[in-house]
Number of protein chains: 2
Amino acid sequence: MFSKSTEYALRATIYIAQKSSEQNKLGINAIAAAIDSPLSFTAKIMQLLSRGNRVVSSVRGPNGGFFMTEKAMKLPVRSVLDQMGEDEVLEKCILGLNKCSESKPCPMHAEYRQIKLDMIRLFETKTIEQLAADLKEGEVYIGNKNK
Amino acid sequence: MFSKSTEYALRATIYIAQKSSEQNKLGINAIAAAIDSPLSFTAKIMQLLSRGNRVVSSVRGPNGGFFMTEKAMKLPVRSVLDQMGEDEVLEKCILGLNKCSESKPCPMHAEYRQIKLDMIRLFETKTIEQLAADLKEGEVYIGNKNK
DNA sequence: CTAATTAAAGATAAATTTATCTTTAATTAG
DNA sequence: CTAATTAAAGATAAATTTATCTTTAATTAG
């Protein structure tokens with residue numbers, strides 16, 4: 001569904017939403033360990049995710065790290081996809097046609113239409129905060145670590 | 001959503017379903033032109049798609065080419081995904097966790113669950129034949145050609 | 001001001017996917 | 001049997017994604 005970069009970004013965002021605050025920032029080491037992702041690659045992804053301080057914010061230097069503001073916590077999950085440049089997954093034709101549209105539908109268009117709408121609704125309605133609240137303490141987001 | 005290989009495979013399958021029969025096979029040149037895909041890469045994909053003669057069948061030599069049997073036309077669209085080894089898209093966790101399950105759900109599991117079920121239902125219910133019937137004559141599957 | 005700490009930026013490499021080209025095998029028409 | 005035609009198979013390359021490592025810039029504590 002999503003690229004690995006976006007998967008890491010989603011997991012990191014949920015973890016930061018749950019564990020961080022402006023007073024308690026998280027370092028890249030803690031984040032990568034928590035979400036079971038490669039350290040340096042995750043650092044790159046955090047650059048993208050925090051650029052503009054829209055979804056995740058970052059501060060350099062001692063006591064620096066990544067965190068989310070109360071306001072950012074209220075953002076829809078879709079804002080993570082937007083930030084990662086992967087929101088087109090929610091718009092693309094399932095057959096990969098760029099001419100596919102309501103007026104010129106591909107043979108799967110009508111069938112796939114509702115599913116796409118449901119996905120858009122999910123990612124636009126659900127907030128990051130809500131996902132963080134669903135997260136069982138120190139359990140789920142650690143991914144493949146205890147495989 | 002799907003890889004380019006799978007997108008080409010889906011488009012080729014729909015085209016073959018509409019235009020071919022055991023008496024009227026389609027060559028790789030005709031297929032690649034029709035679905036606006038790179039010739040040699042499409043040839044590779046057709047190898048995967050026709051191996052085992054499950055979904056698409058192939059015959060070499062003069063008057064050879066690709067075609068579908070009446071029986072294969074009745075297969076669900078999912079069989080194309082299976083043949084391309086991309087059916088896991090329908091099963092995978094949206095956060096990329098391989099431990100994610102009903103009993104150990106990730107924070108998006110409950111929310112994404114129904115969408116995944118809808119997708120599985122769509123790809124298992126809709127047949128290739130039905131898609132081919134929806135196809136407007138020589139129009140839609142040609143993809144980016146007339147961009 | 002200096003040293004320490006942290007993320008940002010940049011250079012590079014490994015892995016995977018997409019794409020191309022050449023050779024081989026199967027099949028048919030004559 | 002021979003030549004022609006077609007897909008299969010294999011070798012290789014280009015592009016993209018994933019990953020790693022090094023250097024730089026910002027910030028803080030002392």
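Chain A is the first sequence line, chain B the second, and so forth, proteins listed ahead of strands; every chain is numbered from 1.
Every residue meeting the side-chain contact (heavy atoms from CB on, under 4.5 Å) condition with B:Lys92, not counting sequence neighbours, appears here in chain and number order: A:Glu7, B:Glu88. In this structure, the side-chain contact (heavy atoms from CB on, under 4.5 Å) partners of B:Arg54, at least two apart in sequence or on a different chain, are B:Gln83. Every side-chain contact (heavy atoms from CB on, under 4.5 Å) that A:Asn53 has, sequence neighbours left out, goes to A:Ser57, A:Ser58. A:Arg51 is linked by a salt bridge (Lys or Arg N to Asp or Glu O under 4.0 Å) to nothing, counting only residues two or more places apart in sequence or in another chain. The side-chain contact (heavy atoms from CB on, under 4.5 Å) search around B:Ser79 returns B:Val55, B:Leu75, B:Pro76, B:Ile128, not counting sequence neighbours.
Between A:Ser40 and B:Gly65, the residue anchored closer to the 5' end of DNA chain D is B:Gly65, taking for each the nucleotide with the nearest heavy atom. Across the interface with DNA chain C, nearest-nucleotide mapping of A:Lys44 and A:Phe66 shows A:Phe66 to be the residue nearer the 5′ end.
Side-chain atoms of A:Lys25 do not come within 3.5 Å of backbone N or O of A:Ser20 as any donor-acceptor pair.
Within the 4.5 Å cutoff, no side-chain heavy atoms of B:Met73 are placed close to those of B:Thr127.
B:Val59 belongs to a hydrophobic cluster whose other members, connected by ILVMFWY side-chain contacts under 4.5 Å either directly or through intermediates, are B:Phe67. Within the hydrophobic cluster formed by Ile, Leu, Val, Met, Phe, Trp and Tyr side chains joined at under 4.5 Å, directly or through other members, A:Leu117 stands alone, with no partner residue.
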Result block: side-chain N/O donor-acceptor pairs under 3.5 angstrom for residues 105-112 of chain B, not counting sequence neighbours:
residue  : atom : partner  : partner atom : Å
B:His109 : NE2  : B:Glu102 : OE2          : 3.1
B:Glu111 : OE2  : A:Lys126 : NZ           : 2.8

Pairing pattern in dot-bracket form [Watson-Crick, G-U; both distances under 3.5 Å; | = partner strand] for DNA chain C:
||||||||||||||||||||||||||||||
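With a cutoff of under 4.0 Å to any heavy atom of chain A, the contacted region of DNA chain D is bounded 5' to 3' by D:dT18 to D:dA29.
Contacts between residues 20-29 of chain A and DNA chain C, defined by a heavy-atom separation below 4.0 Å, involve A:Leu26, A:Gly27, A:Ile28, listed by number. Residues of residues 45-63 of chain A that place a heavy atom closer than 4.0 Å to DNA chain D, in numerical order, are A:Arg60, A:Gly61, A:Pro62, A:Asn63.
Within the model, atoms CD1 of B:Ile16 and CE of B:Met68 stand 7.5 Å from one another, a figure rounded to the nearest 0.5 Å. Expressed to the nearest 0.5 Å, how far NZ of B:Lys44 lies from CD1 of B:Ile28 amounts to 11.5 Å. The line from CD1 of B:Ile120 to CD1 of B:Ile115 is 12.5 Å long, rounded to the nearest 0.5 Å.
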